[in-house]
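Keep in mind that what you see is a predicted model, and the values were worked out from it rather than measured.
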Amino acid sequence: MQPNPLLGVVFHWLGGLASGSFYVPYKGVRKWSWETFWLAGGLFSWLICPWIGALVLSKDLLAVLHETSAYTFWMTYLMGALWGLGGLTFGLTMRYLGMSLGMAIALGYCAAFGTLVPPIVKGEFADKLLNHSGTSAGGPIVLLGVFICLLGIFIGGVAGVRKEKEMAGQTSTIAEFNLWKGLGIATFSGVMSSCFSFGFQFGDPITKISAAHGTGPYWVGLPVILVILLGGFTTNFLWCVLLHLKNGSAHQYFSPSVKPVKSQTVGGDGHGGKISEQAFEIGSPVPLPSNWFFCALAGTFWYFQFFFYQMGESQMGNYKFSSWTLHMASIIIFSTLWGIFFKEWRGAQPFTKRLVVVMLALLVGSTVIIGFGNKKSEDAEAAAKAGVTATLQSAPAKMK
């Protein structure tokens, strides 16, 4: 099947919509600590949904995993575990910076490392992005789109910093806002989160094995996602267990009422933060069914970002690494729109709001430019193959 980069852009937009929206259901969680609702949602995003997706849509899943070499499996798993560190601190990023600024900063680092490092490590940067050998007509266009994306992310970060300075002294819509603490966590989160892109690089042999078993091109990446997310689950599970031991909060998964905890805080505020224990009377009812429903919804949304990501990547041809930029740009676009909806930019000056508009325009433009660059290279490659075929077919006639 001939790759269709423009269709790939659409899939990445759907993935960005899912990722940019995944944190919204957590706002409905009540009287649970951060570690409780983060792990409850993670059970769906890291375990339940990946296994269901891979078992239903790919062929011979267990056989594919059995045929995968130990090196490929464990390196893919390791990248997932490192990505898990980024995902873990990603929640803390939004806890301290809010959805708009938190995602812009963390995903800026993530986009830069996840997109540019793989072709550099493989020694393909000059050929694929600079068209050094003259075989990648759309390479420079793709590179331009990447830098426009990074510029948009940078402008979004500037807008976020300006917003918080302008709103100094006002009541923040982010209960635990802390700029410098949030920036430090966002930096670590962004760098570690880029390892998901590296996981796809190491997991490419799994994709090929899955294809050999008859899995269609849209679904060959599902077994790879399963292994990556297994690593992510390991990291997040261990951290949440440590927090449960520290805070004495493990009972919250099934407790129908608020019980005392070791720490001075209890209960989620819907942002990944915590509310003081005095806000809830000990013994007051906990909405267990709705808490589990919102966590399941959040976890499923988060999984769908990767579900659509691998579909989009399957359509990007020789520029699969550019999928990461498309993914990051789409996430920031939709998370920023959610931030606007939840009035995180209320009180900012008009110039700051205009910066947000510029950021969104640049990010949308970058996805279109990258898709066009991919399409141009694919068309040039198809034309070159057609020319070679025509030459070979005409050769016997000339010999006669």
Side-chain angles (χ1 to χ4, degrees), residues 1-19 44-69 72-73 75-77 79-80 83 114 118 138 142 196-232 299-327 330-331 367 370-371 373-379 381-382 385-386 389:
M1 183 183 72
Q2 181 71 21
N4 186 342
L6 298 182
L7 178 61
V9 170
V10 174
F11 286 142
H12 283 304
W13 272 60
L14 291 174
L17 175 61
S19 180
F44 290 87
S45 57
W46 306 316
L47 282 182
I48 298 174
C49 289
W51 277 98
I52 292 176
L55 284 170
V56 172
L57 296 174
S58 68
K59 296 183 181 296
D60 304 329
L61 174 62
L62 297 181
V64 168
L65 295 178
H66 180 73
E67 293 175 24
T68 300
S69 69
T72 295
F73 182 91
M75 286 304 297
T76 306
Y77 173 88
M79 292 301 105
W83 164 80
V142 172
F196 196 97
S197 176
F198 306 152
F200 263 98
Q201 303 296 321
F202 282 106
D204 189 57
I206 303 177
T207 300
K208 294 177 180 177
I209 295 173
S210 182
H213 278 260
T215 301
Y218 286 135
W219 318 120
V220 290
L222 292 177
V224 182
I225 290 178
L226 189 152
V227 178
I228 295 173
L229 294 182
L230 185 61
T300 302
F301 270 133
W302 201 11
Y303 168 71
F304 272 130
Q305 69 167 306
F306 307 122
F307 179 85
F308 286 113
Y309 175 88
Q310 60 87 33
M311 290 179 68
E313 189 192 47
S314 72
Q315 298 300 304
M316 302 314 290
N318 291 326
Y319 292 87
K320 289 184 177 181
F321 58 85
S322 67
S323 290
W324 199 243
T325 298
L326 295 170
H327 188 58
S330 300
I331 292 173
T367 64
I370 291 172
N374 276 272
K375 184 69 166 58
K376 185 173 182 178
S377 286
E378 289 299 323
D379 289 345
E381 184 175 345
K385 289 181 179 178
T389 302

Trainee: Quick check: closest heavy atoms across F11 and F308, and the distance to 0.1 Å?
Mentor: O-CB, 3.3 Å
Trainee: Side-chain contact, heavy-atom cut-off 4.5 Å: L65 with V227?
Mentor: yes
Trainee: Look up atom CG in D60 and atom CG in L55, then write down how far apart they are to the nearest 0.5 Å.
Mentor: 11.0 Å
Trainee: Can you tell me if CZ on F301 sees more than 12 non-hydrogen neighbours from other groups inside 6.0 Å?
Mentor: no
Trainee: Which heavy atom in F198 sits nearest to a heavy atom in M79, and how many Å separate them?
Mentor: CB-SD, 3.6 Å
Trainee: Please check this pair: side chain of S69 against backbone of T72, looking for a donor-acceptor N/O pair closer than 3.5 Å.
Mentor: yes
Trainee: Would E67 and H213 satisfy side chain to side chain contact (heavy atoms under 4.5 Å, CB included), going step by step from the backbone distance to the final call?
Mentor: CA-CA 11 Å; E67 293 175 24; H213 278 260; 2.9 Å; yes
Trainee: Can you tell if the side chain of I225 reaches within under 4.5 Å of the side chain of Y303, non-hydrogen atoms only?
Mentor: yes
Trainee: Using a 4.5 Å cut-off on heavy atoms from C-beta on, say whether the side chain of F202 contacts that of V224.
Mentor: no
Trainee: Between atom CG of L222 and atom CE of M311, what is the distance when rounded to the nearest 0.5 Å?
Mentor: 9.0 Å
Trainee: For L61 and A54, which heavy atoms make the closest approach, and how far apart are they?
Mentor: CD2-CB, 3.7 Å
Trainee: What I'd like to find out is whether the side chain of L57 reaches to under 4.5 Å of the side chain of F307, using heavy atoms alone.
Mentor: yes
Trainee: Could you pull out the closest heavy-atom pair between S45 and G299, with the gap in Å?
Mentor: CB-O, 3.0 Å
Trainee: Heavy atoms only: give me the nearest P217-V220 pair and the separation to one decimal.
Mentor: O-CG2, 3.5 Å
Trainee: For W83 and L229, run side chain to side chain contact (heavy atoms under 4.5 Å, CB included): C-alpha distance rounded to whole Å, both residues' side-chain angles, the deciding distance at 0.1 Å, then the answer.
Mentor: CA-CA 9 Å; W83 164 80; L229 294 182; 3.4 Å; yes
Trainee: Search all heavy atoms of G221 against all heavy atoms of T207 and return the closest pair with its distance.
Mentor: CA-OG1, 4.4 Å
Trainee: Any chance the side chains of S210 and T215 put a donor and an acceptor closer than 3.5 Å?
Mentor: yes
Trainee: For a 4.5 angstrom cut-off between non-hydrogen side-chain atoms, does I206 reach F200?
Mentor: no
Trainee: Using the ring of each side chain (for Trp, its six-membered ring), is F306 parallel, tilted or perpendicular to F196, with breaks at 30° and 60°?
Mentor: parallel
